[in-house]
Amino acid sequence: MASLSGLASALESYRGRDRLIRVLGYCCQLVGGVLVEQCPARSEVGTRLLVVSTQLSHCRTILRLFDDLAMFVYTKQYGLGAQEDAFVRCVSVLGNLADQLYYPCEHVAWAADARVLHVDSSRWWTLSTTLWALSLLLGVARSLWMLLKLRQRLRSPTAPFTSMYQAARAGGQAEATTP
């Protein structure tokens with residue numbers, strides 16, 4: 001009963017619903033793809049699972065139509081990252097810029113697919129996917145840099161434990177707040 005209650009409370013939040021939709025979508029895509037490719041007798045079930053995966057992906061796209069304001073507020077609060085070193089600041093600001101540009105590009109692509117706008121959606125999907133990939137790469141570079149710095153601090157006998165803890169905690173909180 002406690003796990004059911006935990007699931008219900010997770011589904012009450014946007015982030016919890018998004019995680020569940022994402023996991024279900026990826027599971028349907030994986031199982032559906034395997035069934036279509038490996039089990040010809042079950043290819044119809046696999047095809048249906050791939051359709052469900054596509055619909056869940058569309059659901060997430062529509063829900064992201066409302067993420068612009070939250071991302072803008074996050075980017076504004078972050079500013080230029082005055083408390084971080086120059087590399088982390090630069091990578092984070094570029095990542096925020098990529099995220100800020102990603103959302104409107106995805107919205108235009110979605111609107112073109114929905115025939116609200118009369119433009120070629122494939123170019124907008126390509127641009128939004130490129131911005132998404134850039135954001136991911138910048139996030140990986142930021143994380144690797146932070147790990148390198150934390151490792152250097154751990155090896156340094158003069159580094160106080162509390163400053164290492166605060167740096168790790170601040171890095172973890174920044175990672176958790178980006179989309």
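Note on V116 and V119: separate hydrophobic clusters, where clusters join Ile, Leu, Val, Met, Phe, Trp and Tyr whose side-chain heavy atoms are under 4.5 Å apart, directly or indirectly. Taking hydrophobic clusters as Ile, Leu, Val, Met, Phe, Trp and Tyr residues chained together by side-chain heavy-atom distances below 4.5 Å, L65 does not share a cluster with M71. V88 and V140 fall into different hydrophobic clusters, defined by Ile, Leu, Val, Met, Phe, Trp and Tyr side-chain heavy atoms under 4.5 Å apart, directly or through other members. Tracing side-chain contacts under 4.5 Å through hydrophobic residues (I, L, V, M, F, W, Y), one never reaches L144 starting from L134; they form parts of separate clusters. F66 is not connected to V73 by any chain of hydrophobic side-chain contacts under 4.5 Å among Ile, Leu, Val, Met, Phe, Trp and Tyr, and they are in different clusters.
Expressed to the nearest 0.5 Å, how far CG of L150 lies from CE of M146 amounts to 6.0 Å. Note that OG of S143 is 6.5 Å distant from CG of L147, once rounded to the nearest 0.5 Å. To the nearest 0.5 Å, atom CG of residue N96 and atom CZ of residue F72 are 11.5 Å apart. Separating the CG atom in L131 from the CD atom in Q100 is a distance of 11.5 Å, to the nearest 0.5 Å. To the nearest 0.5 Å, atom CG of residue L49 and atom OG1 of residue T54 are 11.0 Å apart.
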Show me, pair by pair, the donor-acceptor contacts under 3.5 angstrom made by side chains of residues 105-115, not counting sequence neighbours?
from, atom 1, to, atom 2, distance (Å)
E106, OE1, R64, NE, 3.0
E106, OE2, R64, NE, 3.1
E106, OE2, R64, NH2, 2.5
E106, OE2, Y102, OH, 2.9
H107, ND1, Y103, O, 3.1
H107, NE2, D68, OD1, 2.5
H107, NE2, D68, OD2, 3.2
D113, OD1, S121, OG, 2.6
D113, OD2, W125, NE1, 2.7

Atom pairs and distances, donor-acceptor, side-chain atoms in residues 28-35, under 3.5 Å, two or more places apart:
none

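Contact annotation: the side chain of K149 approaches that of D85 to within less than 4.5 Å [non-hydrogen atoms, C-beta and beyond]. Counting only heavy atoms from C-beta outward, the side chains of L56 and V52 approach each other to under 4.5 Å.
Legend: residues meeting side chain to side chain donor-acceptor pair (under 3.5 Å) with S57, ordered by chain and number and at least two apart, are absent.
Taking all atoms of both residues into account, the shortest heavy-atom contact from R142 to V91 is CB-CG1, 3.8 Å. When every heavy atom of S135 is checked against every heavy atom of D99, the shortest pair comes out as OG-OD1, 2.6 Å. In terms of heavy atoms, V36 sits closest to G46 at CG2-C, 3.6 Å.
In the displayed structure, R123 atom CZ is contacted under 6.0 Å by at most 12 heavy atoms of other residues, nucleotides or ligands. Atom CG of L148 sits in a crowded spot, with more than 12 heavy atoms from other residues, nucleotides or ligands closer than 6.0 Å. Within a 6.0 Å radius of CD in Q152, other residues, nucleotides and ligands contribute more than 12 heavy atoms.
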*side-chain contact (heavy atoms from CB on, under 4.5 Å) assessment of L97 paired with L101*: CA-CA 6 Å; L97 179 63; L101 294 172; 4.2 Å; yes
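In terms of modelled atom types and a separation under 3.5 Å, the side chain of S128 and the main chain of W124 share a donor-acceptor contact.
Results of the side chain to side chain contact (heavy atoms under 4.5 Å, CB included) test with R22 over L20, L24, D18 single out D18 as the only residue that passes.
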